[in-house]
Amino acid sequence: NIDANKEEKFEIILDPEIKELINDIKKCKNALFIAEYQQNFIEKIIFVLKEKVYIVNSENKVYNSISEIICNNKIFKKTHDVKRLFSVCENMGFQVQNLVFDTMLAAYIVNPSAKDYSIKGLANEYNIDIGEYSLNSDLDRGLIEEAILFSKVLIKLEEEIVLRKQDSLLKRIEIPL
């Protein structure tokens, strides 16, 4: 597991072997991810699994990721901005299954008067650093940093939601809306 306050060294995997990634996610039964959208479709999906960041960016692999992971009701999903994800997946003909946490909705529940619910804004609010990661090129640097921050913000917001006894509100009311 990733610790929000601990320095982690993340390995970046660009365009992973999709069957291997799907099997690894199915084994741990959890998918932490963010998506990059292009109008009404998902252009890239970035998964964080242990201390690895996987950038899935080919159209075929993105579709396989959605159908095999995001639509799989046996895998718990955690993401940022579930409303957009639901909308885009619906437009693409997919139905998101078993989504259990959304950092954007959780942040709103914890602090409804905040001005910025972006991942970077939440990382700033909770004083979360990016930590170390190795990258061979600047390609996708912003996306990689956002995914790493997402994984750390997620931990902090899960703690805050449980501490405030708001997990039922998030899972039973806000996410399904």
Side-chain angles (χ1 to χ4, degrees), residues 1-82 84-86 88-89 92-104 106 118-124 126 128-158:
N1 283 345
I2 298 162
D3 184 339
N5 299 314
K6 184 181 164 209
E7 284 293 314
E8 307 282 350
K9 179 140 180 151
F10 285 87
E11 179 184 352
I12 311 304
I13 301 165
L14 298 170
D15 207 26
E17 177 56 48
I18 200 67
K19 285 182 182 179
E20 211 173 286
L21 173 61
I22 289 168
N23 286 335
D24 286 349
I25 289 173
K26 283 181 176 178
K27 278 184 212 166
C28 74
K29 297 183 181 175
N30 278 295
L32 280 62
F33 68 94
I34 58 174
E36 184 173 82
Y37 303 95
Q38 188 71 359
Q39 294 166 356
N40 281 332
F41 72 94
I42 297 173
E43 187 173 61
K44 296 178 184 178
I45 302 176
I46 304 86
F47 293 97
V48 181
L49 187 60
K50 298 178 182 155
E51 293 176 5
K52 295 181 180 176
V53 176
Y54 298 87
I55 299 177
V56 179
N57 60 7
S58 75
E59 188 175 326
N60 189 35
K61 289 182 179 182
V62 168
Y63 271 57
N64 286 341
S65 297
I66 294 169
S67 64
E68 294 284 329
I69 298 169
I70 296 175
C71 297
N72 186 327
N73 67 355
K74 293 181 178 146
I75 298 171
F76 299 105
K77 270 72 78 185
K78 299 175 183 184
T79 193
H80 184 83
D81 195 1
V82 71
R84 179 129 192 233
L85 177 70
F86 281 156
V88 171
C89 282
M92 294 173 71
F94 294 107
Q95 185 175 8
V96 179
Q97 298 288 322
N98 208 7
L99 198 123
V100 297
F101 203 89
D102 177 8
T103 52
M104 183 181 275
S118 71
I119 293 169
K120 287 182 181 176
L122 296 170
N124 285 336
Y126 292 108
I128 296 172
D129 284 338
I130 190 74
E132 273 190 61
Y133 66 94
S134 55
L135 184 62
N136 295 336
S137 75
D138 280 341
L139 189 67
D140 294 318
R141 178 179 294 279
L143 217 53
I144 291 164
E145 290 179 354
E146 189 172 10
I148 293 169
L149 288 173
F150 159 73
S151 68
K152 293 179 175 193
V153 165
L154 172 69
I155 293 163
K156 182 65 178 165
L157 284 169
E158 284 178 321

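No side-chain heavy atom of Lys29 sits less than 4.5 Å from a side-chain heavy atom of Lys27. Considering only heavy atoms from C-beta on, Phe94 stays 4.5 Å or farther from Ile70 through its side chain. When side chains are defined from C-beta on, Val56 does not count as touching Asp15, because their heavy atoms never get closer than 4.5 Å. Using a 4.5 Å heavy-atom threshold, the side chains of Tyr37 and Leu85 count as touching. With a 4.5 Å cut-off on side-chain heavy atoms, Thr79 and Thr103 do not count as touching. Side-chain contact between Leu149 and Lys120: present, with at least one pair of heavy atoms (C-beta onward) separated by less than 4.5 Å. Counting only heavy atoms from C-beta outward, the side chains of Leu122 and His80 approach each other to under 4.5 Å. Two residues are said to be in side-chain contact when any heavy atoms from C-beta on lie closer than 4.5 Å; Phe101 and Phe76 fail this criterion.
The minimum heavy-atom distance linking Asp102 with Asp81 is given by the pair OD1-N, 2.7 Å. Closest non-hydrogen pair, Asn98 versus Lys74, comes out as ND2-C, 4.3 Å. What you find for Val96 and Phe86 is that their closest heavy atoms are CB-CE2, 3.3 Å. Closest approach of Gln97 and Cys71 over heavy atoms only: CG-O, 3.1 Å. Closest non-hydrogen pair, Phe10 versus Lys52, comes out as CD2-N, 4.2 Å. The shortest non-hydrogen separation linking Val62 to Ile42 is CG1-O, 3.6 Å.
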| Verdict with reasoning, Asn30 to Lys78, per side chain to side chain contact (heavy atoms under 4.5 Å, CB included) | CA-CA 8 Å; Asn30 278 295; Lys78 299 175 183 184; 4.3 Å; yes
| request: For Ile45 and Ile34, run side chain to side chain contact (heavy atoms under 4.5 Å, CB included): C-alpha distance rounded to whole Å, both residues' side-chain angles, the deciding distance at 0.1 Å, then the answer. | output: CA-CA 6 Å; Ile45 302 176; Ile34 58 174; over 6 Å; no
| field | Check against side chain to side chain contact (heavy atoms under 4.5 Å, CB included), Ile144 and Ile46 | value | CA-CA 8 Å; Ile144 291 164; Ile46 304 86; 6.0 Å; no
| request: For Lys26 and Ile75, run side chain to side chain contact (heavy atoms under 4.5 Å, CB included): C-alpha distance rounded to whole Å, both residues' side-chain angles, the deciding distance at 0.1 Å, then the answer. | output: CA-CA 7 Å; Lys26 283 181 176 178; Ile75 298 171; 3.8 Å; yes
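The CE atom of Met104 sits 11.5 Å away from the CG atom of Leu157 when rounded to the nearest 0.5 Å. How far OG of Ser151 is from NZ of Lys156: 15.0 Å, rounded to the nearest 0.5 Å. Of the inter-residue distances, the one linking Ile148 atom CD1 with Glu51 atom CD reads 10.5 Å to the nearest 0.5 angstrom. The CG atom of Leu99 sits 13.0 Å away from the CG atom of Asn73 when rounded to the nearest 0.5 Å. Note that CD1 of Ile18 and OG of Ser65 are 3.0 Å apart. Values are rounded to the nearest 0.5 Å. Taking CG of Asp24 as the start and CG of Leu49 as the end, the distance is 6.0 Å to the nearest 0.5 Å.
In Glu43, the CD atom is crowded: over 12 heavy atoms of neighbouring residues, nucleotides or ligands sit closer than 6.0 Å. When the shell of 6.0 Å around CD of Glu59 is examined, it contains 12 or fewer heavy atoms from other residues, nucleotides or ligands.
Using a distance-only test at 3.5 Å, with no hydrogens or angles considered, a donor-acceptor pair links the side chain of Ser118 to the main chain of Gly121. A distance-only check finds a donor-acceptor pair linking the side chain of Lys77 to the backbone of Asn72 [under 3.5 Å].
The aromatic rings of Phe33 and Phe47 lie tilted to each other, with the angle between the two planes from 30° to 60°.
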